[in-house]
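Presented below is the structure to which this report refers.
Since we're looking at a predicted model, the values are computed, not measured. Residue numbers count from 1 along this sequence.
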Amino acid sequence: MNALIKVFPDSIFTVDDTGSVSMIERHSATFMTHVLRWGWLVLLPAFIASLHVDVAGLTVTLFCLLGGYPIIVLVIANWIFPDTTYEAHFDAEGLHLAIGHAQDLTAHASIFVPYQEITELVTRDHYRDMGRYGTTWVRKYIIKMKVPYGEKPHLLIDTKRSAESVYSVLNRVAKLPATQHILIPPMSTIGDPPFSPARRRERLEERERRLRGEV
């Protein structure tokens with residue numbers, strides 16, 4: 001049995017060369033989603049009608065329900081619709097992706113891309129300076145295929161795993177017999193990576209010398 005090469009995705013989209021992304025699978029509208037979206041239209045006329053009825057408790061109750069409706073919807077939605085879960089791995093035959101939730105991993109999408117359909121596997125180390133909040137980063141796998149999947153020409157997998165983890169995935173995939181035709185360039189860096197601990201100490205010492213007037 002061939003070992004799986006896990007990717008540990010945080011999100012999966014389709015993407016084009018400009019970086020514009022699209023969801024792979026949108027949630028279909030159900031009876032419950034319609035109720036949550038338009039339920040306030042039932043409460044509003046009921047509240048207006050209660051103003052003409054001498055039942056103060058009913059009016060107050062409807063007013064509270066109407067005023068707190070956004071919070072009520074948020075709580076119910078989080079309870080009914082669980083957080084999305086992503087899964088991705090390579091094996092001897094190709095790339096397997098699943099988008100769903102804990103109860104059903106493939107509820108939203110189940111995708112298999114055989115290696116013969118993949119032409120290039122691009123990886124990027126993407127950094128963004130968030131000012132006083134520090135630096136955030138994400139590693140990206142961009143899978144370019146002969147036949148596009150979804151609205152955009154490529155598949156995009158975002159992960160918060162380390163650069164070493166990404167290199168390990170690339171090295172293991174590149175050694176598979178079925179991937180020899182796939183172009184796998186070195187991972188590129190976008191944005192300014194965070195300073196190393198040594199460089200951070202140097203900047204702090206330089207700042208302290210500047211405050212003391214030594215520089």
Side-chain angles (χ1 to χ4, degrees), residues 1-28 81-130 133-194:
M1 181 179 293
N2 294 292
L4 303 183
I5 305 173
K6 294 188 175 182
V7 178
F8 303 101
D10 284 273
S11 57
I12 301 173
F13 300 97
T14 56
V15 64
D16 59 21
D17 291 321
T18 67
S20 175
V21 301
S22 294
M23 295 179 64
I24 289 179
E25 197 76 19
R26 291 179 172 84
H27 295 284
S28 59
F81 306 111
D83 291 336
T84 301
T85 299
Y86 301 93
E87 196 278 338
H89 69 266
F90 294 93
D91 63 9
E93 299 177 349
L95 172 64
H96 300 258
L97 305 175
I99 305 175
H101 47 79
Q103 291 74 27
D104 185 356
L105 188 59
T106 61
H108 303 155
S110 179
I111 305 166
F112 169 64
V113 184
Y115 287 127
Q116 57 264 33
E117 295 297 327
I118 301 176
T119 60
E120 188 174 359
L121 175 57
V122 177
T123 50
R124 294 174 181 168
D125 205 354
H126 196 168
Y127 290 89
R128 174 181 290 182
D129 187 356
M130 304 295 288
Y133 299 105
T135 302
T136 185
W137 52 263
V138 65
R139 274 91 200 200
K140 300 176 179 289
Y141 296 86
I142 302 175
I143 298 92
K144 300 185 177 182
M145 300 171 294
K146 296 178 182 178
V147 179
Y149 181 95
E151 299 180 6
K152 305 293 183 181
H154 319 307
L155 285 170
L156 169 67
I157 302 174
D158 284 343
T159 179
K160 297 291 267 184
R161 302 285 286 191
S162 66
E164 290 75 17
S165 174
V166 175
Y167 287 132
S168 175
V169 169
L170 295 180
N171 289 334
R172 294 176 65 187
V173 170
K175 293 177 181 178
L176 295 174
T179 65
Q180 300 309 301
H181 66 284
I182 299 176
L183 178 62
I184 306 179
M187 185 167 61
S188 60
T189 301
I190 300 176
D192 296 323

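- Taking the six-membered ring where the residue is Trp, F112 and H96 present tilted rings, their angle falling between 30° and 60°.
- Within the 4.5 Å cutoff, side-chain heavy atoms of T14 are placed close to those of L155.
- Under a 3.5 Å cut-off, the side chain of Q180 and the backbone N or O of A174 do form a donor-acceptor pair.
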Test side-chain contact (heavy atoms from CB on, under 4.5 Å) on V173 and L95; report intermediate values, then the result. CA-CA 10 Å; V173 170; L95 172 64; over 6 Å; no

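- K6 approaches V169 most closely through the heavy-atom pair O-CG2, 3.6 Å.
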May I have the step-by-step check of side-chain contact (heavy atoms from CB on, under 4.5 Å) for D125 and R139, ending in yes or no? CA-CA 5 Å; D125 205 354; R139 274 91 200 200; 2.6 Å; yes

Do V122 and K144 pass the side-chain contact (heavy atoms from CB on, under 4.5 Å) test, and can you show the C-alpha distance, the side-chain angles, and the key distance before you say yes or no? CA-CA 8 Å; V122 177; K144 300 185 177 182; 4.1 Å; yes

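- Annotation for I182 and L121: closest pair CG2-N, 3.9 Å, computed over non-hydrogen atoms.
- For K160, the NZ atom is densely surrounded, since the number of other residues' heavy atoms within 6.0 Å is greater than 12.
- Counting all heavy atoms, side chain and backbone alike, K140 lies closest to H126 at CE-ND1, 3.3 Å.
- The minimum heavy-atom distance between T159 and P9, with the atom names listed, is CB-CA, 4.5 Å.
- At a threshold of 4.5 Å between non-hydrogen side-chain atoms, the residues I24 and Y149 count as touching.
- Considering all non-hydrogen atoms of both residues, P148 and K146 come closest at CD-O, 3.9 Å.
- For T179 against L176, the heavy-atom pair with the smallest separation is OG1-O, 2.9 Å.
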side-chain contact (heavy atoms from CB on, under 4.5 Å) assessment of K152 paired with F13: CA-CA 9 Å; K152 305 293 183 181; F13 300 97; over 6 Å; no

